[in-house]
Every structure is written in structure tokens, then in C-alpha cells.
Amino acid sequence: MGTELELLLAVVDRVRMELHPDLPQEFLRKVLLIEEEMGAETGEAIKRIRSLVTDVAPTGKDSA
Amino acid sequence: MLVLEKIQMEGFGPFADVQEITFARSGITVIYGDNMRGKTSLLNAIRYAFFGTVLGRNSRPRGLHTLSNRDLAARGRFGFSVALSFSHGEERFELTREFRSRSARPPSTDSDYNETKQLRRGSQVLGPQQCDQLLPSLLPEEVSRFFLFDGELLQEYEELLYDESEAGRKISESIEQILGVPLLKQARSHVELVMEEAEEAVAREASRRQETESLGTALAQATELRRSHRSELERLQGQMTDLRAERKDTVRYLKSVERYKELMKELDDLRSDFEGVVRRTTAIVDEIKGLMKDAWRTLLGEPVRRHRAAAKRIAKETMDSMLDGLRKRAVDAGLCEICGHELNSDEKSRLAAGVNHLEGPQEFTLGVSRGLKRLFDLEEFVGRDVEGQVRKLEEERRTLAINRLGLTDRIDEIETEIADSDAVTITSAGKSLREVERKILVVEQGIASEQEEIEKRDKSIERLSSKLEAIGTTSLRSSQERSKLLRKANDVLIRAVEDYKSELRNRVQESATQLFLKMTTEESEYASLEINENYGLDILHNDGRREQGRSAGAEHVIALALMGALQQNAPLKGPVVMDSPFARLDPHHTNNVVAALPSIADQVVLLIQEGEVPRTQIRTLLGSGLTFEYELEKISARRTNIREVTR
């Protein structure tokens with residue numbers, strides 16, 4: 001599975017650079033890692049992506 | 001990468017005693033076996049170890065209770081066990097499954113058995129739950145068709161060329177799975193869901209503040225509407241999956257009905273063949289019994305032959321000495337005692353010259369007549385070759401027994417296949433297919449219109465969100481940032497799925513072309529293979545023409561090229577175990593395919609009947625690529641042993 005993830009990440013990162021270079025690469029990498037780790041556990045994956053967003057996205061306070 | 005190391009079976013199909021095969025870690029392992037010796041059982045044993053299931057004809061699941069060795073079953077031992085050792089990356093695994101009858105009574109269904117399984121990783125024994133989680137990630141059953149297959153399964157890849165084909169859709173899903181696409185698709189749908197939540201949060205917060213209230217309310221309405229369309233879309237998609245499954249089942253059923261008549265005809269023929277075999281067997285047994293009455297004579301054959309030779313010699317000597325006596329007395333008396341003729345001097349001297357003065361009876365006695373009669377008796381006695389006849393009949397009886405077994409198996413198979421077909425259900429299946437197709441059409445329209453609605457809402461949400469952002473409310477900043485981040489991530493993932501798929505398609509097309517040109521005998525005629533959206537492959541001629549109406553053989557070569565291409569490009573790599581894949585290929589193609597096997601996968605196990613390719617040829621074609629050779633050796637009609645072939 002390791003190789004699979006590397007391949008996916010490479011593609012995702014290339015598309016990211018093309019579409020939204022400002023989008024944190026780390027975020028997408030973490031999303032894919034969660035997906036791989038969770039397998040068929042959709043509910044848990046969503047929960048973890050939700051909390052990941054809070055970690056990664058700048059808060060209102062910071063930007064203010 | 002998954003690598004098979006060793007398999008051990010006991011009581012599985014024809015493998016009554018414990019049988020074992022060590023696989024070559026890299027290179028080709030070839031297993032030779034005639035028909036009905038257990039090639040398919042061996043493939044099924046590997047399948048059983050990994051998935052706990054086996055396949056019969058038409059790739060249909062087959063009841064496990066039918067797999068117990070018949071010889072052992074006749075002695076009251078039902079069930080079997082399979083132990084498979086394999087490695088995955090650096091880790092070594094040992095997987096054991098055992099299927100045993102619950103009670104002493106003869107079992108008749110799978111539920112009469114208990115299955116136990118154990119997975120060992122290195123020296124650690126994993127619990128059942130861990131085992132159930134781990135196994136599918138090592139080799140998911142959905143993609144097993146790329147690792148374990150026979151000629152019949154290869155034929156199915158043709159379906160990939162037809163857009164509407166249900167079977168094709170399923171195969172193309174499996175291809176995407178082996179290529180790793182689902183992970184990306186899943187990430188996209190999860191991010192999309194979280195993105196929608198974030199947008200809803202922005203809308204809720206905005207509608208609570210005076211300066212953004214109207215925009216917030218509009219945004220809340222739009223997200224609410226999108227949510228309801230989304231859930232309707234999900235419902236419809238679920239319905240569609242069910243309908244498609246129903247259509248597939250019905251079509252399969254109707255196809256089986258088409259076959260129903262053929263099968264009934266075949267069944268009639270088989271039954272009459274079977275009766276013929278039984279009749280002939282009974283006749284042979286009677287004939288053998290009759291012959292066996294005189295069989296003791298055969299034992300006396302040699303001494304009788306000796307005595308006969310001696311008796312012949314004695315009879316000749318007796319006749320000679322009697323004639324000698326006759327001549328002597330005629331010379332002495334000057335008169336023939338048989339006819340009374342008086343002899344002149346000439347005749348006398350001629351007869352006197354012929355007298356040999358032999359020992360033995362000089363006159364005809366009763367003993368001589370008895371001796372001659374005995375000689376005739378002996379002639380008749382050894383005249384009957386009972387032994388040869390019995391041997392010939394026994395040979396025929398054995399062949400008939402094998403035929404009978406084959407006939408019983410096929411009759412059983414057909415009877416199971418047609419068990420649930422009758423005229424009433426056939427008619428109603430035809431009706432329900434039309435009904436299902438009508439529903440599919442309606443649901444398809446529903447899905448399209450829901451998707452359109454969602455797209456509209458998406459646009460209005462985007463518009464409203466930018467307006468809100470332009471207002472620049474600080475308190476909204478945090479949730480707006482989250483929503484923006486997720487939208488971008490969603491954009492990236494949507495495009496990434498498409499990019500990744502198209503990149504993979506190109507790579508699969510490239511590798512498949514190379515393999516195909518290696519295997520085809522028309523390499524000067526064909527330019528390449530061309531892949532479609534479903535991963536179906538078309539043959540392109542040098543002049544750009546598309547090959548029409550491909551033969552079954554061409555289909556196999558293309559399917560094998562696709563298998564190899566997937567192995568080369570998929571993140572999930574493993575062994576390829578193929579059962580009699582050359583039946584539809586001519587000798588030239590077969591040779592090319594055998595020679596190309598090392599490029600199809602790192603580890604290949606080939607189950608083959610020597611009629612397809614003789615072993616000397618396999619050795620020449622594969623050279624050092626051929627690592628191990630085994631042979632399925634017939635012990636009896638229901639027993640096979642596995643023997644390693646040494647060169």
C-alpha cells in the first residue's frame with residue numbers, strides 16, 4: 001500500500017500546484033493518510049478529516 | 001508484493017493424503033496434470049485459503065461440501081484443510097483453514113460443517129478479527145480475478161469493450177481497485193462532505209449577524225437545498241445499484257434458461273451414456289465371472305504345454321516303432337499283414353532298408369490310442385486364452401469406471417444448475433427484466449436531474465460565499481477559511497482522480513501493447529492496443545484500422561496482456577496462478593505466451609495439461625525462468641498425489 005499512496009500523492013500534488021498552489025500540501029497528504037489508515041471506516045475518516053481542517057486552516061483570530 | 005511460498009492440502013478434492021507444493025519465489029512453477037487430476041482443485045485450494053470460497057463453472061461460487069475427497073468420504077471422513085504460506089513485503093504469513101463435518105452423520109450442505117481459520121504473522125498468531133481485517137488488505141477478493149484465473153475467466157474481458165455491459169462495469173471497477181483509484185475517490189467524497197458542513201457552518205453564522213443576515217439566510221437555504229438533493233441523489237444511486245444487481249441476476253437467470261434446454265439435452269444424453277456404461281460394466285463383470293471358471297486352467301498352462309510336447313514326442317515315437325515292426329514282420333513273412341499282398345524280392349529289400357530296429361511297442365495297443373486321445377484333450381485344454389481375455393475386459397472395466405465418475409460429476413453439476421428453473425419462473429423472469437429496465441431508465445433520469453440541481457446549488461453557494469467574503473466580517477473569517485480550504489482540496493481531488501486514471505490508462509495501454517506484440521503471431525500486422533474508458537483494449541492495425549470480430553484466441557491473448565500490464569502498473573502486486581489458459585490458442589500463440597510468462601508477473605504458477613504444451617517444449621521456451629516442475633499423479637480415479645519432477 002505504501003507505493004500506492006506515493007503514486008496518489010504525486011498526482012495529487014501535481015494537480016494542487018496547477019490548481020491551487022497556495023493549498024497546503026500537508027493537508028492533502030494527511031487526508032490520504034487518513035483514508036489509507038481507515039480503509040472502510042467512513043465515519044471515523046470523516047471525523048478525523050473534520051478535526052484536521054481545524055488544525056490546518058488558519059483561524060479567524062490568526063488572520064485577524 | 002505478495003509471494004506464495006508453499007501450499008499443503010489434505011482431503012481437498014482429489015488430494016486425499018497430505019500433498020504439498022513449494023512455489024518458486026520468482027520465476028515459473030509449472031504443474032502438469034491430465035484432465036480430472038486436480039488442476040482446478042489446486043487453484044481452488046489457493047482461493048479457498050485466501051477467501052474461504054471456491055468457484056465452479058461459469059465462475060459461480062461452489063458449495064464447499066462438494067470438495068471433500070470422495071475416497072475419504074466413503075470411509076466416513078468428511079472435510080479438508082489447506083495451509084498456505086506466503087510473504088508480503090518483509091513479513092511472512094501462514095494461513096490455515098480447516099473445514100470439518102460437525103457430526104458423524106454424512107453431511108450434505110455447507111452448514112453441516114465448521115470452519116476454523118488461523119493466520120500467523122511471523123511467530124505471532126492473529127485473532128479472528130485481526131485476520132478478517134488484514135487478509136482483505138493483503139489480497140482483496142474483488143481483485144482476485146487478476147491473480148487466480150482460468151481460460152473461462154479470461155474470456156470475460158471482452159465485456160470491457162461494451163459500455164452497457166454489467167460484467168464489464170464490474171471488471172473495470174476491479175481494475176480501478178487494483179490500480180488504487182478507490183482511495184482517491186473516497187478521499188474526494190469525504191472532503192466534499194466536510195466541505196459542505198463547513199459551508200453550512202458559514203451560512204449559519206452569517207445569518208445570525210445583522211450585516212450578513214440576508215446573504216447568510218440565502219446561503220443557508222442553498223446549502224439546505226443542496227443537502228436534500230444530495231440525499232435524494234444518494235437514495236437514487238442506492239436504488240440504481242439494487243436495480244442493476246437485479247437486472248444482472250435476471251439476465252444471468254434468463255441466460256441460464258437459454259442454456260436450460262441445452263443442458264436438458266446434455267443431461268438426457270449423459271444419462272443414456274451413463275446407463276450404457278452401467279450395462280456394459282455389468283456385462284463385463286458377468287463375462288469375467290464366466291471366464292474365471294476356467295481361469296485355473298491358465299495356471300496349468302505351462303506344465304500342460306510341457307506335457308503336450310512330451311506326449312507329441314511319445315506319440316511320434318510309438319507310431320514310428322509300430323511302423324518299423326510292421327515293415328520287419330512283412331520282410332520276415334514275405335507278406336503284408338494289413339492287405340495280404342505277397343512281396344517280391346525288390347519290395348522286400350526296399351522294406352528291409354527302411355527297418356530301423358526301434359525300441360517300443362511293435363504292435364498297435366490300447367495304450368497308444370489312449371495316449372493319442374489325451375494329446376487331443378491337452379490341445380483343447382490350453383487352446384483358451386482366459387488370462388488375456390480377462391486382462392482386456394478388466395482394462396475396459398477400469399476405463400468405464402473413470403467415464404462413469406466423469407459422467408456422475410457432470411450430471412450432478414447440471415442437476416444443481418437447473419434445479420431452480422421451471423416454466424413459470426422463466427416467464428415471470430422475462431417480465432421482471434422488462435420492468436427492471438424501465439425502472440433503471442426512470443432512476444437514471446432522476447440521477448441526472450439531481451446532479452444538475454446540485455451543480456446549480458454549488459454555483460449559487462460559491463457566488464454567495466464570495467459575496468460574504470467581500471463584506472469581510474472578522475468573526476466569519478475562521479469558518480470561511482476552513483470552507484475555502486476544503487473547496488480547494490475538493491477541486492484538487494476531483495481533478496486528481498481524473499488525472500490519475502488517465503495516466504494509469506496510458507501506462508496500462510503502453511505495457512499491454514508491448515506484451516501483446518510479444519505474444520501475437522501477427523506482430524507485423526498490428527500496431528498497438530488502444531485502451532478505452534473501461535480499460536477495454538482494441539487492436540489497432542498498422543493502417544489505423546480497428547480489428548473487428550476478434551477470435552476467442554485473440555481475446556485470451558489480449559486478456560493476458562492486460563493482466564501483465566496491470567501487474568506492471570498496479571501498486572497491488574502478487575502471484576499469477578493460471579489454470580489451463582491455452583485451450584483456445586493455436587501452437588504458435590501458445591509458444592509465444594509461454595515465452596512471455598516471465599514478463600507477465602514476477603511469480604507465475606502455471607497449471608497445464610501436457611497436451612497443451614509438452615514439457616520438453618515448456619523447458620526450452622522458459623529456460624532458466626522455469627524454477628519448479630510438479631506432476632499430478634493418478635493413484636486412483638479419486639486420488640491424486642503431487643510429485644516434484646526432477647530433470
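Below, read A as the first sequence line, B as the second, and so on, with proteins coming before strands; counting in each chain starts at 1.
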Checklist entry - Out of curiosity, B/S228 OG to B/R457 CZ, how far, rounded to the nearest 0.5 Å? => result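 One gets 8.5 Å once the value is rounded to the nearest 0.5 Å.
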
Checklist entry - So, B/F50 versus B/F147, ring centres under 6.0 angstrom or not? => result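 No, the ring centres sit 6.0 Å or more apart.
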
Item to check | Region of A/D22 that comes under 4.5 Å of a non-hydrogen atom in chain B | outcome: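 Just the side chain, heavy atoms under 4.5 Å.
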
Next on the checklist: Is B/E197 close to chain A through its backbone or its side chain, or both, or neither, when contacts mean heavy atoms under 4.5 Å?
Outcome noted: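 Interface part for B/E197: side chain.
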
Next on the checklist: Between A/K30 and A/E26, does any NZ, NE, NH1 or NH2 come within less than 4.0 Å of an OD or OE carboxylate oxygen?
Outcome noted: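 Looking at A/E26 and A/K30, the cut-off is met.
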
Checklist entry - Looking at A/T42, A/L32, A/V31, which makes the most heavy-atom pairs under 4.5 Å with chain B? => result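 Between A/T42, A/L32, A/V31, the count favours A/T42.
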
Item to check | Among the listed options B/E503, B/Q133, B/K484, the residue most often paired with chain A at heavy-atom distances under 4.5 Å | outcome: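 Ranked by contacts with chain A, first place is B/E503.
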
Checklist entry - Side chain, backbone, both or neither: which part of A/L19 has a non-hydrogen atom closer than 4.5 Å to chain B? => result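 Side chain only.
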
Next on the checklist: Testing B/I175, B/L179, B/D499 one by one against B/L504 for a side-chain contact (heavy atoms from CB on, under 4.5 Å), which residue passes?
Outcome noted: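 Result for side-chain contact (heavy atoms from CB on, under 4.5 Å) with B/L504: B/L179.
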
Next on the checklist: The test is side-chain contact (heavy atoms from CB on, under 4.5 Å); show your working for B/Q603 and B/V576 and say whether it passes.
Outcome noted: CA-CA 6 Å; B/Q603 186 184 37; B/V576 159; over 6 Å; no

